[in-house]
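The structure appears right after this line, and notes come after that.
Since the model is a prediction, treat every value here as computed from it, not as a measurement.
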Amino acid sequence: MTTESPPGTDASDTALFPTMVLRGPLPEPRQRRRIPARLLITAWVVLLMAAVLSLVTVVTWRAVETKVGERVDRALSQEIGEFQEFAQAGTDPDSGAPFTDVPTLLNTYLAHQYPDDSEILFGWVGDAPGTAPGAGGSPAGSEDGRIRQGQEPPFDLSAEPDMVAEILGSPDARGRAQTPAGTVEWQRIHVVLPGEGTDGWFVIGYFTAEDREVVASTTGTVALVSAVGLLAAATAAWWVAGRVLAPVRLVRQAAAHITEEDLTRRIDVSGRDDIAALAEQFNSMLDRLEGAFTEQRRFVDDAGHELRTPITIVRGHLELMGDDPEERREVVRLVTDELDRMGRIVEDLLLLAKAQQPDFVRAVPVSLAELTSDIDANVRRLGDRDWRLESVAEGEGDLDAQRVAQAVVQLAANAVRHTEPGSVVRIGSALDRDHVLFWVADQGPGIPAEEHGRIFERFSRGGGSARGDRGAGLGLAIVRAIAEAHHGRVDLRSAPGAGSTFTLVIPHRKELV
């Protein structure tokens, strides 16, 4: 496979991609479908609430069902126990005569009972319906039949031979049967009198349909309340999630609208929760970004503005340079001076740009006496001036010694630029309760009061210097940047004809951030 070099390239360029040919636009990356956080929060809340409410409904149903079972057990056991006590007594409560046969015993007991609406009490004498004579334990030829008294039950199962046969023929003393009136829980007891040939059965039945309706009604009510509660919880979760996530939504919308040309958008913060803290941090991040972009634009604008003139000068000299060796040497000297000036401007601009960074100064405990001594030694090499060290601070201060020395030396260089050789320039340092002071005082022409604030701006130049060197106008801006990075300031005391005193004021032992 071969490829042709695109116009404007040579063979060495295409050699890097010997087999690659791109045709048509590249496919856009497929965006993953995102689920809104509000919907996720609501869904999780609904699922959790549904699980809890379902558990509550099941537990409620189980508890009510257990209570119904216990009630049935108590009713059956109580009735059987009362019959056993009555039978063990063996005497008629009305006449006091002892019972001589099972039918009389059952008739007498049932005549004194008043069963509940859900209960049925009956007795059976002889064999169960459908069994051979004597199969139930009674002698052959005995009289068989039911004995029932009292109010009508929901269903008279004693009148149904098949049901009676099922109950009396069951191997268990307790069981359950289905009737048209619903499920009936029953329990029986075999009745035999000593010396009497006829036996019988006492049976109690409890219809559970009404109790099951109560269970169903209670469970249905709990389920309905749970459903309404679940709907209310879902609505509340949706509303609360919307309120809580509102700052997040604003952060997303703000981030979508933020461009390099517009970093002024901010989020209104309300509340004191973590989401509000996130919005505050996002606003702080935007502040830092805006400051960084502003500083970047300013750097580019300043560099373009200040470098345009020396570049024009260099280009003009080079274009007009002739063949005369002396002229060429002069042009080279002028070009070198302009290049050096451009280098100083770039370095100063980079320093000012770096001053906006958090690590521009690194404060550590510094001996003020040693720092002042080093500054004094450095400034004496700046020019032929009458340098006088007025005061030396004792003790330590938390500051960046290199940056402070750079600022004071810059002030001293500024004093040299605006004074005559042999002029007195005083420097010194002092330590008071709250601040560390470094100052430089000269006997120059002074600065009018209306220019005191302006001279600290970038590329602002004061009155003409004694040597005609106007500089780039960045020195005092650098001094102010160093002072502000230390959370301090630069004070100026000056008047026309009275010289100038610049004082660097730095807070004493103040934590720098």
Chi angles and distances behind the side chain to side chain contact (heavy atoms under 4.5 Å, CB included) call for Leu389, Ile427: CA-CA 5 Å; Leu389 181 60; Ile427 66 172; 3.9 Å; yes
- request: Please identify each residue that fulfils side-chain contact (heavy atoms from CB on, under 4.5 Å) with Thr183, with sequence neighbours left out.
  value: Arg176, Gln178, Thr208
N/O donor-acceptor pairs under 3.5 Å from side chains in residues 364-373, not counting sequence neighbours:
from	atom 1	to	atom 2	distance (Å)
Thr372	OG1	Leu368	O	2.7
Thr372	OG1	Ser429	OG	2.6

Could you go through residues 215-229 and list every donor-acceptor pair under 3.5 Å that involves a side-chain atom there, pairing it with any protein atom two or more places apart or in another chain?
from	atom 1	to	atom 2	distance (Å)
Thr218	OG1	Val214	O	2.8
Thr219	OG1	Val215	O	2.8
Thr221	OG1	Ser217	O	2.8
Ser226	OG	Val222	O	2.7

message: Give me the atom names and distance for the closest heavy-atom approach of Gly383 to Val416.
response: CA-CG1, 4.4 Å
message: Applying side-chain hydrogen bond (donor to acceptor under 3.5 Å, both in side chains), can you list everything that pairs with Asp432, at least two apart in sequence or on another chain?
response: none
message: Tell me the closest heavy-atom pair linking Gly499 and Ser494, and the distance in Å.
response: O-OG, 3.0 Å
Pair up each side-chain donor or acceptor in residues 406-415 with any protein partner under 3.5 Å, not counting sequence neighbours, and list the distances.
from	atom 1	to	atom 2	distance (Å)
Gln406	OE1	Arg403	NH1	3.1

- request: May I ask you to decide whether Arg333 forms a salt bridge with Glu330, counting only side-chain N to carboxylate O separations under 4.0 Å?
  value: yes
message: Using side chain to side chain contact (heavy atoms under 4.5 Å, CB included), reason through Arg212 and Val68 one step at a time and then give a plain yes or no.
response: CA-CA 8 Å; Arg212 299 301 174 191; Val68 169; 4.0 Å; yes
- prompt: Which is it for Val404 and Val436 under the side chain to side chain contact (heavy atoms under 4.5 Å, CB included) test, yes or no, and what are the steps along the way?
  reply: CA-CA 11 Å; Val404 171; Val436 180; over 6 Å; no
message: Please enumerate all residues that pass side-chain hydrogen bond (donor to acceptor under 3.5 Å, both in side chains) together with Arg493, with sequence neighbours excluded.
response: none
message: side chain to side chain contact (heavy atoms under 4.5 Å, CB included), that's the test. Do Asp400 and His486 meet it? Break it down for me.
response: CA-CA 8 Å; Asp400 189 324; His486 284 84; 3.5 Å; yes
- prompt: In terms of side-chain geometry, is the basic nitrogen of Glu65 or Arg62 positioned less than 4.0 Å from the acidic oxygen of its partner?
  reply: no
